[in-house]
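Have a look at the structure below, then the notes.
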Protein chains: 2
Amino acid sequence: MAPRSIDRESDLKSEQSGPQTPGGEAPRYVRIQRILQDRIAQGRYAVGSLMPTEIELSEEFATSRFTIRSALRNLMQDGYVERRQGMGTRVLTANPTTGYYQSFESLQELFQIAVETYLVVLGSEDVVLDAEIAKRIGGDDGPVRAGERWILFESVRWTAPGGRPLSFIQSYVPERFRDHTSAFADHNGPFFDLLETRSQETIIEAQQEIRAMPMPQHVARAIGLREGALSLQLTRRYLTARGILIASVNWHPADKMIYRTRVRRRQSRD
Amino acid sequence: MAPRSIDRESDLKSEQSGPQTPGGEAPRYVRIQRILQDRIAQGRYAVGSLMPTEIELSEEFATSRFTIRSALRNLMQDGYVERRQGMGTRVLTANPTTGYYQSFESLQELFQIAVETYLVVLGSEDVVLDAEIAKRIGGDDGPVRAGERWILFESVRWTAPGGRPLSFIQSYVPERFRDHTSAFADHNGPFFDLLETRSQETIIEAQQEIRAMPMPQHVARAIGLREGALSLQLTRRYLTARGILIASVNWHPADKMIYRTRVRRRQSRD
DNA sequence: TCACCATATTGGTCTGGACAAATATTGATG
DNA sequence: CATCAATATTTGTCCAGACCAATATGGTGA
């Protein structure tokens, strides 16, 4: 059996008193958890080594195995240690990555696609990709090659029927989804949503690129702006296990669009 | 006390056998957890209502309170229920958010701040915020008011000493951190990092806004472009428990900057 | 030497019980 | 009717003990 850090000194005042005297502060398993955490931080329990066993710890802290297990369970959930039956409790790291995260219920939420808007499909055509468009659709190292045939939809999103134009959208769909595109004309929500449902392929990843650029002529004309007007361009790719489900390029008038992100530190539970 | 869903039917084969017969499959608390999960999904335990108490469940499943608690703890960790001492176990949702997520080790990673670049501080001055700047710094409903005094740093980030300019940066720092700003001039990394370390305040949230806009004259001049050149403007706010740690506004030449995001679907644990 | 098996170790599951602490309910009181 | 105190309810913490399942170890035999 692998060597094990042995430690018998007691950091916890023994508190001769009855079973659950809280000592005025945190419960016992929390205090023990903190002590163990400190020992890991100070290197007393080296990263990669095995910690004392539950029995040893319960003897050291003069407590039950139950209480030690509660402390160790929290350490495990916080990413400090790994526990394996028959093997023991191994120290993984002294600085568990808390990090930051951003999470969403849906991709609509992520991409801040307003639901209360109206989509008008201008038309669609088959296109053969040139090198630039292929790169735009597939990303820098994507699987999309120049010369492939894709279906291009162009549409405009409005605040309301007869309201203000919000954005111009080009959507590129692989040929294998041709049968599913008939529903695009009547659809108001984002196409990726419709396509994910109808194709039965689950989106596992989404990518987005944001650029500032002047609006090309035919884009500007479609939403009633002059050529070269300032725009925020959002390129999005939706990937399934089988490849790209759909890619879109959105132009927003610069003065009407702000893209917002908010991330929080992952809670570290103590 | 609030009404409580009562349920006495047993879904678990009673397995007369000894204490820990695993029955060939998952441990008992896992099977009970799944049953409870199903009941929530089927609406038998309505969202918003209280589940049966631990005692009731332990009677129904003919098991100990310990086992029920293990099952309920998992349900809580998965976001199905909320538990409060003295109140009970309340059903939160039947569809805990699987959703999408994006996570980072550090905020540098999130904001794609290149490490291999060089920062030159042009200067700093005390400023009294006007309404527009206050809103820019604090956000739409932020705690920052016009008339407050902040410290403004202006700097330029370069590819290399004597290389190409990458971006122009304005950093707004609250007056209470004045003592820590002396180190800004010699610092090459992002200021929020330095400030977080020195001020001992932990960043709990970061916000970012992306706009496309023409470059103001003095910004353009600082990085050698003509006034009105297209730029991608990134406004970032770093928040601690005590308020805003630092806010910055970054201007990037439009043709040199693409902001990329990638998110993955969250793995669903079961 | 290598493969295999018995054995010890160690965390995983579970019982049954006890008291503490937080919350809700009820009843008394003004 | 409103307020406060007493009481009941419910989850939180903790104990002592038991057996199970997974892993590591050491010895045995081919």
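FYI, side chains are in, hydrogens and waters are out, and symmetry mates aren't considered; it's all heavy atoms of this structure. Order of the sequence lines fixes the chain letters, A, B, ..., with proteins taken first and strands second; residue numbering starts at 1 for each chain.
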### Message
Among B:Thr89, B:Thr67, B:Leu72, exactly one meets side chain to side chain contact (heavy atoms under 4.5 Å, CB included) together with B:Glu54. Which residue is that?
### Response
B:Leu72
### Message
Pick the closest DNA chain D nucleotide for B:Arg65 and for A:Gln85 by heavy atoms, then say which residue is nearer the 5' end.
### Response
B:Arg65
### Query
At under 4.0 Å, does any side-chain N or O of A:Tyr29 touch on OP1 or OP2 of D:dC14?
no
### Rounded distance in Å - CZ (A:Phe61) to P (D:dT13)
18 Å
### Message
On the side chain of A:Arg84, is there an atom forming a donor-acceptor pair with the base of C:dG12 - under 3.5 Å, no angle test?
### Response
no
### Query
Closer to the 5' end of DNA chain C via nearest nucleotide, is it A:Phe66 or A:Arg83?
A:Arg83
### Message
If I take atom CZ in residue B:Arg73 and atom C1' in nucleotide C:dC14, what distance separates them, rounded to the nearest angstrom?
### Response
13 Å
### Integer-rounded Å distance: D:dA21 C1' and A:Glu54 CD
14 Å
### Query
For C:dT9, does OP1 or OP2 lie under 4.0 Å from any side-chain N or O of A:Thr53?
no
### Message
List the residues meeting side chain to side chain donor-acceptor pair (under 3.5 Å) with B:Arg136, not counting sequence neighbours, and say none if there are none.
### Response
none
### Task
List for me each residue that meets salt bridge (charged side-chain N to carboxylate O under 4.0 Å, His left out) alongside B:Arg73, sequence neighbours excluded, and say none if there are none.
none
### Query
Looking for any heavy atom pair under 4.0 Å, which part of the strands does B:Ser70 touch: base, sugar-phosphate only, or nothing?
nothing
### Query
Separation of B:Arg28 atom CZ from C:dT13 atom P, in whole Å?
14 Å
### Summary
Out of C:dT23, D:dT23, D:dC14, minimum distance to the side chain of A:Met87 belongs to D:dT23
### Closest nucleotide among D:dC14, C:dG11, D:dT11 to the B:Arg69 side chain
D:dT11
### Task
May I ask you to verify if any side-chain N or O of B:Thr63 is less than 4.0 angstrom from the OP1 or OP2 atom of C:dC14?
no
## Note on the structure
Rounded to whole Å, CD1 of A:Ile68 lies from C1' of D:dT13 at a distance of 14 Å
### Task
For A:Glu82 and C:dT10, give me the distance from atom CD to atom P, rounded to whole Å.
16 Å
### Task
Could you tell me whether A:Glu205 and A:Arg237 have a side-chain N and a carboxylate O separated by less than 4.0 Å?
no
### Query
D:dA24 C1' sits how many Å from A:Arg90 CZ, rounded?
12 Å
### Task
Please report, rounded to the nearest Å, how far the P atom of D:dC14 is from the CG atom of A:Leu72.
14 Å
### Task
Measure from the side-chain heavy atoms of B:Ser64 and tell me the nearest of C:dC14, C:dG11, D:dT10.
C:dC14
### Query
So, B:Arg178 and B:Glu175, do they make that salt bridge, N to O below 4.0 Å?
yes
